[in-house]
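The analysis underlying the following values was restricted to heavy atoms, covering all of them including side chains, and did not include hydrogens, waters or symmetry mates. Only a predicted model underlies this, so the values are computations on that prediction, with no experimental measurement involved.
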Amino acid sequence: MGFLFFYLKDGENLKLFLVIGVLGGFTTFSSFGMEFFILILNQKATFAILYVLLTNILGLSAVFLGSFIARLVE
């Protein structure tokens, strides 16, 4: 997502379609919340906290890495 956002500078409509429409559909916040909720219901609070932390840290890291690679490719 980070790569496409920075790599597709001129194609604004294409960028919005790919980044928000296609990739955003695979990473919905609702499924993230449901997974967290299921872990809490199953009394796995430690896993739930790790899930939230690792998902956010790794997800943000992937966006930064993708944007870094896109700038190198230019």
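Residues satisfying the side chain to side chain contact (heavy atoms under 4.5 Å, CB included) test with Ile49, not counting sequence neighbours, are Leu53. With sequence neighbours excluded, the residues satisfying ring-ring contact (aromatic ring centres under 6.0 Å, His included) with Tyr7 are Phe3.
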All N/O donor-acceptor pairs, side-chain side in residues 59-68, below 3.5 Å, sequence neighbours left out:
from: Ser61; atom 1: OG; to: Ile57; atom 2: O; distance (Å): 2.7
from: Ser67; atom 1: OG; to: Val63; atom 2: O; distance (Å): 3.4
from: Ser67; atom 1: OG; to: Phe64; atom 2: O; distance (Å): 2.8

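Scanning all heavy atoms of the two residues, the minimum distance from Ile40 to Ala45 falls at CD1-CA, 4.2 Å.
Side-chain heavy-atom separations under 4.5 angstrom define the hydrophobic clusters, and the remaining members of the one that includes Phe37 are Met34, Ile38, Leu41.
Among residues at least two apart or in separate chains, ring pair (Phe, Tyr, Trp, His ring centres under 6.0 Å) pairs with a member in residues 39-62 are Phe32-Tyr51.
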